[in-house]
Engineer: 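The structure that follows is given in the form of structure tokens.
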Amino acid sequence: MAYKKVEKVMTYDQWEEEIKNRRKKRIRDTVKQINKKLERLFYVIIISCMFWLLPIFVIAHYIVVGY
């Protein structure tokens, strides 16, 4: 015997609350994704600065200290 698919019937207030919750979740997820991308970008910038600025600091240290 096949079961009939039961459709969920919501009132307008329930529907409105559901839409608000979905919007909030979508905004939270978007903010989390943006934060992850910014964090990765920050790490890339820090690592690249370490590799580019390290020789400059070594040379400056050699000029100031002398060894």
Side-chain angles (χ1 to χ4, degrees):
M1 182 170 157
Y3 293 100
K4 292 182 179 179
K5 184 177 180 182
V6 178
E7 292 185 19
K8 184 177 179 182
V9 178
M10 294 190 286
T11 63
Y12 179 77
D13 293 333
Q14 291 172 333
W15 175 83
E16 192 174 26
E17 189 67 29
E18 182 73 22
I19 294 298
K20 285 181 184 178
N21 290 337
R22 287 182 185 181
R23 281 186 189 144
K24 287 178 186 178
K25 185 177 184 315
R26 188 170 62 217
I27 290 171
R28 265 187 260 122
D29 291 344
T30 304
V31 170
K32 284 180 185 180
Q33 287 177 351
I34 290 171
N35 282 340
K36 285 180 183 179
K37 290 179 181 181
L38 287 176
E39 183 181 2
R40 289 181 191 142
L41 179 65
F42 178 73
Y43 289 144
V44 168
I45 290 172
I46 293 297
I47 290 171
S48 64
C49 284
M50 282 178 19
F51 285 118
W52 285 101
L53 294 177
L54 185 62
I56 295 171
F57 288 129
V58 169
I59 293 169
H61 182 267
Y62 179 76
I63 291 171
V64 172
V65 177
Y67 58 88

Engineer: Determine whether Tyr62 and Val58 fall in the same hydrophobic cluster, where Ile, Leu, Val, Met, Phe, Trp and Tyr are linked whenever their side-chain heavy atoms lie under 4.5 Å apart.
Structural biologist: no

Engineer: Could you give the distance from NZ (Lys32) to NZ (Lys25), rounded to the nearest 0.5 Å?
Structural biologist: 7.5 Å

Engineer: Listed by chain and number, what are the side-chain contact (heavy atoms from CB on, under 4.5 Å) partners of Ser48, not counting sequence neighbours?
Structural biologist: Trp52

Engineer: Got a sec, which residues hit side-chain contact (heavy atoms from CB on, under 4.5 Å) with Ile19, two or more places apart in sequence or on another chain?
Structural biologist: Trp15, Arg23

Engineer: I'd like to check Asn21 versus Glu17 (side-chain heavy atoms, cut-off strictly below 4.5 Å). Are they in contact?
Structural biologist: yes

Engineer: How many angstroms lie between atom CD of Glu39 and atom CG of Leu41, to the nearest 0.5 angstrom?
Structural biologist: 11.0 Å

Engineer: Please answer: with hydrophobic residues joined when any side-chain heavy atoms are less than 4.5 Å apart, are Ile34 and Val31 in the same cluster?
Structural biologist: no

